[in-house]
Protein chains: 2
Amino acid sequence: MVNDPFRALSHPIRRGIVERLAEGPATVGEATAGFGVSKPAISKHLKVLEETGVVARVVVGRTHRLSLEPDVLSEAADWMDLQRARWGRLFDVVDDYLKENESR
Amino acid sequence: MVNDPFRALSHPIRRGIVERLAEGPATVGEATAGFGVSKPAISKHLKVLEETGVVARVVVGRTHRLSLEPDVLSEAADWMDLQRARWGRLFDVVDDYLKENESR
DNA sequence: CGGATCGTTAACCATTGGGTTAACCGTAGC
DNA sequence: GCTACGGTTAACCCAATGGTTAACGATCCG
């Protein structure tokens, strides 16, 4: 999978960036303030988010404006919801199953 | 974050295992057939899923029965849905924003 | 022009990740 | 008892991650 949103979201800093961008577009400085890592580290995280198609970048003068690219993230959200719907049908079944096994 | 479901889901094999377990509990062999990697590799993926609290294991004789542990995955699904709800309010705004910047 | 600002690239380093093979453990079954 | 089976552990390998500092590029502004 070339666009792997789960990989993109597997680091807390990148999730933090996504959270901020979910409020609306922002510059790199705005979207990444306060994470306590160096600028090159931030730059790498942004590269991952951009490569996976989670974030889009528009260069405006010397600042880079970032915005969320909903499609790829929606894919991930859809996958999660689908799995949740499937396991949701099993709630009670699982309990029974475990009890059955414990008593074997 | 000690229980990081996104890390757990960041590998396609682990997502595959989750998909199978969303249909219902299964043994290791059942849940992980056909991934084309060795058994130790599988074992490591299962360890990750177990450590992150995504999967529970009950040893029955010489087989290990796996089942999905819904809580941690639900956390992730909730996070995704929350972000989607937030960025959803921005759809048109983003378009305007990009156009505005392109014309600068 | 010259300095400050926003952000990236380069080079490097330590750790983690994901895979392998070989060996092992415990249980099942003949 | 012994072999087959389900699965893990150990030891190892290489590539990818995530961080650093130092330097750079480009733009803005006095």
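Because only heavy atoms are used, hydrogens play no part in the values below, and waters and symmetry mates are left out as well, while side chains stay in.
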Quick check on [N]: is either OP1 or OP2 less than 4.0 Å from any side-chain nitrogen or oxygen of [X]?
{"X": "B:Ser38", "N": "C:dT20", "answer": "yes"}
{"X": "B:Arg7", "N": "C:dG17", "answer": "yes"}
{"X": "B:Arg62", "N": "D:dA4", "answer": "no"}
{"X": "A:His64", "N": "C:dC6", "answer": "no"}
{"X": "A:His11", "N": "C:dG17", "answer": "no"}

Can you confirm if the NZ or CZ of A:Arg15 lies within 45° of the ring axis of A:Phe6 and under 6.0 Å from the centre of its six-membered ring?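 Checked: cation-pi criterion not met.
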
So, A:Arg7 side chain and B:Ser10 main chain: donor-acceptor pair closer than 3.5 Å or not?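 Not confirmed, A:Arg7 side chain does not pair with B:Ser10 backbone.
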
Could you check whether any side-chain N or O of A:Ser43 sits under 3.5 Å from a backbone N or O of A:Lys39, counting only pairs where one atom can act as donor and the other as acceptor?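 Here the side-chain-to-backbone pair does not exist.
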
Contact nearer the 5' end of DNA chain C, comparing B:Ala41 with A:Ile42: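 Going by which nucleotide is closer to the 5' end, it is A:Ile42.
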
In whole Å, what is the span from the [atom1] atom of [X] to the [atom2] atom of [N]?
{"X": "B:Lys47", "N": "D:dA10", "atom1": "NZ", "atom2": "P", "result": "9 Å"}
{"X": "B:Arg65", "N": "D:dT8", "atom1": "CZ", "atom2": "P", "result": "14 Å"}
{"X": "A:Lys44", "N": "C:dC13", "atom1": "NZ", "atom2": "C1'", "result": "10 Å"}
{"X": "B:Leu9", "N": "C:dG17", "atom1": "CG", "atom2": "C1'", "result": "16 Å"}
{"X": "A:Ile17", "N": "D:dG18", "atom1": "CD1", "atom2": "P", "result": "12 Å"}
{"X": "A:Glu51", "N": "D:dG18", "atom1": "CD", "atom2": "P", "result": "12 Å"}
{"X": "A:Arg15", "N": "D:dG18", "atom1": "CZ", "atom2": "P", "result": "11 Å"}
{"X": "B:Leu46", "N": "D:dG6", "atom1": "CG", "atom2": "C1'", "result": "12 Å"}

Is there a donor in the side chain of A:Glu19 and an acceptor in the side chain of B:Trp79, or the other way round, less than 3.5 Å apart?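 There is such a pair between these side chains.
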
Candidate nucleotides D:dA10, C:dT8, D:dG7, ranked by approach to the side chain of A:Ser43 - the nearest: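 So the nucleotide nearest the side chain must be C:dT8.
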
Which is more 5' along DNA chain D, the nucleotide nearest A:Lys39 or the one nearest B:Arg57? Just name the residue.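 Nearer the 5' end of the strand: B:Arg57.
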
Residue whose nearest DNA chain D nucleotide is more 5′ - A:Gly61 or A:His45: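 The answer here is A:His45.
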
A:Val37-A:Ile17 co-clustered via ILVMFWY side chain contacts under 4.5 Å: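 Yes, A:Val37 connects to A:Ile17 through the hydrophobic network.
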
